[in-house]
Amino acid sequence: MKVKMLPHATRLGQATSGIARVVEAYFKHLPAFGIELVDNDAETYDLKAVHAGMTGSDCDICHSHGMYWTADYDAPDWEYRTNAKVIQASRSAKEVTVPSSWVAETYQRDMHLSPTVIPHGIDWHEWQGVTDRSYYILWNKNRQADVCDVSPAIALARLFPDTPFVSTFAPDDAPSNVHATDVVPHEKMKRIVQKAGVYLSTTKETWGIGILEAMASGVPIVGYAHGGILDLVEHGVNGYLAEPNNLEDLERGLHYCQDHNRTLGQNGRIMAHDWTWEKACEKVAEVYKRAL
């Protein structure tokens, strides 16, 4: 089966988003399941598969990665326009996929549409072998807007002044124990994730590739119990799920992850092994065949 996928893996450049990681994985693993991903300028293909609604209604498969949660903050106009394109794609496509049960519930409730839930995956072996941990607390997002609010990480850092924190972003008045990296290429960030002591996930994720990468690296997770993290983290087993927006509970969670670091990390490494890109792409191929 020939599929035109947008964006194409060769057009991603230095993109650092989770969507870029998904597209790269699909191009790597889908051919094993009989899917030929053609060039962007190909005129002959069986299906057009589009990520994040980038072509609006012009698609056969809508790979939705969720929408901007515009009711929760003062969203810019472009986020509403992006949401509109995702909705157009979802209503027009033969099949819709989403990465988590939380995103699926939004579709079911607000659009009366039941998409296929296909979680993302990881090439687990690529995240093994690091032994020289630095044991800092890591907050890792590629933007600081909409739901990606670094302020909980900064507030937590103030409560742990003797503990180093690493964050992609930090305000000018951040405490001295916070080091900001800014957005870096994925290969460099990979090393930063692998050397972390605890991975901090306060953002309401549509799934959480960064969370899975930390798990595969043996890094415990502490985060707020909302969104896609609920599909990945089991409270007290591979991390700590705090009450959303409750800084005191997040503080307890960080202490817990520090006190039980090795056990939580090892559990997470084992659990991450089951989230393979092969399993995900096999389900994607089944969706394509159903659409065809």
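Computed from a predicted model, the values in this text were never measured in an experiment. Every heavy atom of this structure was used, including side-chain atoms; hydrogens, water molecules and symmetry mates were not.
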Using residues 221-230 as the side-chain source, report each donor-acceptor pair under 3.5 Å to any protein atom, sequence neighbours left out, with the distance given to one decimal.
| residue | atom | partner | partner atom | Å |
| --- | --- | --- | --- | --- |
| H226 | NE2 | T202 | O | 3.2 |

Would a distance-only check, ignoring hydrogens and angles, find a side-chain to backbone donor-acceptor pair under 3.5 Å from [X] to [Y]?
X	Y	result
K85	T55	no
D46	M1	no
N238	R269	no
D60	A93	no
K48	K4	no

Residues forming a side chain to side chain contact (heavy atoms under 4.5 Å, CB included) with [X], sequence neighbours excluded:
X	answer
A153	W139, V150, L200
D132	V130, R191, K195
K190	E126, W127, E187, Q194
I87	M67, R91, M111

Cluster membership besides Y45, Ile/Leu/Val/Met/Phe/Trp/Tyr side chains within less than 4.5 angstrom, sorted by chain and number, is V38
**Prompt:** Mind checking who shares a hydrophobic cluster with L6, ILVMFWY linked at side-chain heavy-atom distances under 4.5 Å?
**Reply:**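 Answer for L6: V50, M54.
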With a 3.5 Å cut-off and sequence neighbours excluded, list the donor-acceptor pairs that the side chains of residues 282-292 form with protein atoms.
| residue | atom | partner | partner atom | Å |
| --- | --- | --- | --- | --- |
| Y288 | OH | H63 | NE2 | 2.7 |
| R290 | NE | E95 | OE2 | 3.0 |
| R290 | NH2 | E95 | OE1 | 3.2 |
| R290 | NH2 | T116 | OG1 | 3.1 |

**OP:** Taking ring pair (Phe, Tyr, Trp, His ring centres under 6.0 Å) as the test, write out the residues that go with W102, two or more places apart.
**Re:**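 W69.
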All N/O donor-acceptor pairs, side-chain side in residues 246-257, below 3.5 Å, sequence neighbours left out:
| residue | atom | partner | partner atom | Å |
| --- | --- | --- | --- | --- |
| N246 | OD1 | E248 | N | 3.1 |
| N246 | OD1 | D249 | N | 3.0 |
| N246 | ND2 | E243 | OE1 | 2.9 |
| E248 | OE2 | R252 | NH1 | 3.4 |
| D249 | OD1 | Y240 | OH | 2.6 |
| D249 | OD1 | R252 | NE | 3.4 |
| D249 | OD1 | R252 | NH2 | 3.3 |
| D249 | OD2 | E243 | N | 2.8 |
| Y256 | OH | G236 | O | 3.4 |

- Query: Mind checking whether W277 and W124 have ring centres under 6.0 Å apart?
  - Reply: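 Between W124 and W277, which both carry aromatic rings, the centre distance is not below 6.0 Å.
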Applying salt bridge (Lys or Arg N to Asp or Glu O under 4.0 Å), can you list everything that pairs with D149, at least two apart in sequence or on another chain?
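By the salt bridge (Lys or Arg N to Asp or Glu O under 4.0 Å) rule, D149 matches no residue at all.
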What donor-acceptor contacts under 3.5 angstrom involve side-chain atoms of residues 154-177, with partners at least two apart or in another chain?
| residue | atom | partner | partner atom | Å |
| --- | --- | --- | --- | --- |
| R158 | NH2 | D173 | O | 3.0 |
| S167 | OG | F169 | N | 3.2 |
| S167 | OG | F169 | O | 2.4 |
| T168 | OG1 | K141 | N | 3.3 |
| T168 | OG1 | K141 | O | 2.6 |
| N177 | ND2 | A157 | O | 3.1 |
| N177 | ND2 | F160 | O | 2.9 |
| N177 | ND2 | T163 | O | 2.9 |

